[in-house]
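What follows is a single structure, and I will ask about it in a moment.
It should be emphasised that the depicted structure is a prediction, and the values quoted were computed from it without experimental measurement. When a ligand or atom number is given, it counts from 1 through the structure's own listing order.
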Amino acid sequence: MANVAVVGSQWGDEGKGKIVDWLSSRADVVVRFQGGHNAGHTLVIGDVEYKLSLLPSGVVRPGKLSVIGNGVVVDPWALLAEIEKIRAKGVDITPETLVIAENCTLILPLHGAVDRAREEARGTAKIGTTGRGIGPAYEDKVARRAIRLCDLADARVLEDKVDQLLFHHNALLRGLGAAELDREELLNQLREVAPKILPYAGVVWQRLDELKRAGKRILFEGAQGALLDVDHGTYPFVTSSNTVAGQASAGSGMGPGAVGYVLGITKAYTTRVGSGPFPTELLDETGEQLGVRGREFGTVTGRKRRCGWFDAVLVRQAIKTGGITGIALTKLDVLDGFKEIKVCTGYRLKGEVVNHLPAGQTAQAEVEPIYETFEGWSESTRGARSWAQLPATAIKYIRRIEELIEAPVTLLSTSPERDDTILMHDPFED
Ligand code: IMP
């Protein structure tokens, strides 16, 4: 029996919610290991819809332990608000069901303000962040001046750390001619929130080690996607964490051997929110059609997503850099009715054919997709629950994708409904 890590293999929004929900119903523990409340997962259980940003998807299911690992950046105010919202739907969230790593980094109000101000200053060169302070919080973490959850329990250290933090941020604000941050105001905010959030603090690596030794099934829940990874993505148009499955171990305090099966959630076409290169983007009616049929609007910011054909080059790269074992292919039904469907199999760059996305920004902007064209299908694949219900042309499309990305389709999702799924292989039984 393996533990399972679920990650996105494109630019996020691949439809992780439904699959994570299905897997979390079979797991004992669900662990978030990177990112913060920039993520957005919608779960539908029975007829109740839950929108989660920071809470692991297991929280809505009784008897599961939810864990926020050290690799996550936690905005305590946003988290407490989310807990209240989910509680209002009748879900019990207590320190028995939710544990937050005592060594995780906190997102402070100043991080959100810096994030948004910087984006505005960048003008047309903006990254298109979610404005939640994710980047600035991770910057403070690696610069070794972040305030961590455990610091809230130590009044003297907290004061020292606030001084160090403001020494840095106020110097920058002064340079920009902006108002400086007030030490007492920040300290009061932190003192006020401390007793509300500290009861959830725990020694996550130790809890997970015990649970692993007791044979419990652990699900690592990734956020965003491989192409938003700070190392392997379309830098600088990325998020500020490692989104690949390798981070599941570092971001939770478990060794790499604990991760097990890596399931890459992959949409049957491609979408992206925010700025940055997107070789197969369709700025025409077909792109519009994909967006409308796929209801491609962000769950966190409501932004319209950019849409394009499936890019096998990028997904193959995500599979290699992220160690993805198999993929869950989602939203195949959005392609129903297209006369022709295209898949990008390589790029042309300065007259040469390349089989990967180069790291340089200019090259990333200049690559031109080389397409293979498929005959579409007029039948509906929506709700299909077996291969026999799929048109032959759809099966051909899936088989060719498997070949191009060099990984098997483990699971096929044919509608947002939980049961509309074709399972080829159970990742927990690997
Ligand atoms: P940040 O994570 O808010 O710093 O945003 C950096 C980039 O990642 C932007 O392009 C965002 O749109 C994108 N991003 C962040 N979180 C998500 C997500 O959960 N889904 C899709 N894109 C995301």
At under 4.0 Å between heavy atoms, what of W11 touches ligand 1? The answer is backbone
Specify side chain, backbone, both or neither for R132, according to which of its non-hydrogen atoms lie closer than 4.0 Å to ligand 1.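 Near ligand 1, R132 shows nothing, with every heavy atom at 4.0 Å or more.
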Nitrogen or oxygen atoms of L228 and ligand 1 under 3.5 Å apart: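 No; the residue has no nitrogen or oxygen that sits under 3.5 Å from a nitrogen or oxygen of the ligand.
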Any N or O on D13 sitting closer than 3.5 Å to an N or O of ligand 1? yes
Atoms in ligand 1 with a heavy atom of I127 nearer than 4.0 Å: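 It comes down to these atoms of ligand 1: 10 (O).
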Counting C-beta onward and ignoring hydrogens, is there a side-chain heavy-atom pair between L404 and F310 closer than 4.5 Å?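 L404 does not reach F310 side chain to side chain.
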With a 4.0 Å cut-off on N to O distance, would you call R272 and E281 a salt bridge?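 Salt bridge: no.
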List in chain and number order the residues that pass side chain to side chain donor-acceptor pair (under 3.5 Å) with E102, two or more places apart in sequence or in another chain; answer none if no residue qualifies. none
In ligand 1, which numbered atoms sit nearer than 4.0 Å to a non-hydrogen atom of V273?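 Atoms satisfying the 4.0 Å criterion: 10 (O), 12 (O), 21 (C), 22 (N).
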Below 3.5 Å, N or O to N or O, backbone or side chain included: is there any such pair between D115 and ligand 1?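 D115 vs ligand 1: no N/O contact under 3.5 Å.
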In terms of atom number and element, which parts of ligand 1 are under 4.0 angstrom from non-hydrogen atoms of A39? 19 (O)
What are the atoms of ligand 1, with element, lying closer than 4.0 Å to any heavy atom of G128? 9 (C), 10 (O), 11 (C), 12 (O)
Whether R306 engages the ring of F278 as a cation-pi pair (distance to the six-membered ring centre under 6.0 angstrom, angle to the ring normal within 45°) should be assessed. no
Looking only at distance, does R272 have an N or O less than 3.5 Å from an N or O of ligand 1?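 R272 vs ligand 1: no N/O contact under 3.5 Å.
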Taking both backbone and side-chain atoms of T129, is any N or O found less than 3.5 Å from an N or O belonging to ligand 1?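 It does not: no N or O of T129 is found under 3.5 Å from an N or O of ligand 1.
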Can you find an N or O of R303 that's nearer than 3.5 Å to an N or O of ligand 1? yes
Quick test of your reading of the model: are R382 and E417 salt-bridged, counting only N-O distances below 4.0 Å?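 Result for this pair is no, no salt bridge flagged.
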Determine whether L106 and L149 make a side-chain contact, defined as any pair of heavy atoms from C-beta on separated by less than 4.5 Å. yes
Could you tell me if the side chain of F338 sits less than 4.5 Å from the side chain of T286, heavy atoms only? yes
R132 vs D115, salt bridge (Lys or Arg N to Asp or Glu O under 4.0 Å): CA-CA, chis, key distance, verdict: CA-CA 7 Å; R132 303 280 158 101; D115 192 359; over 6 Å; no
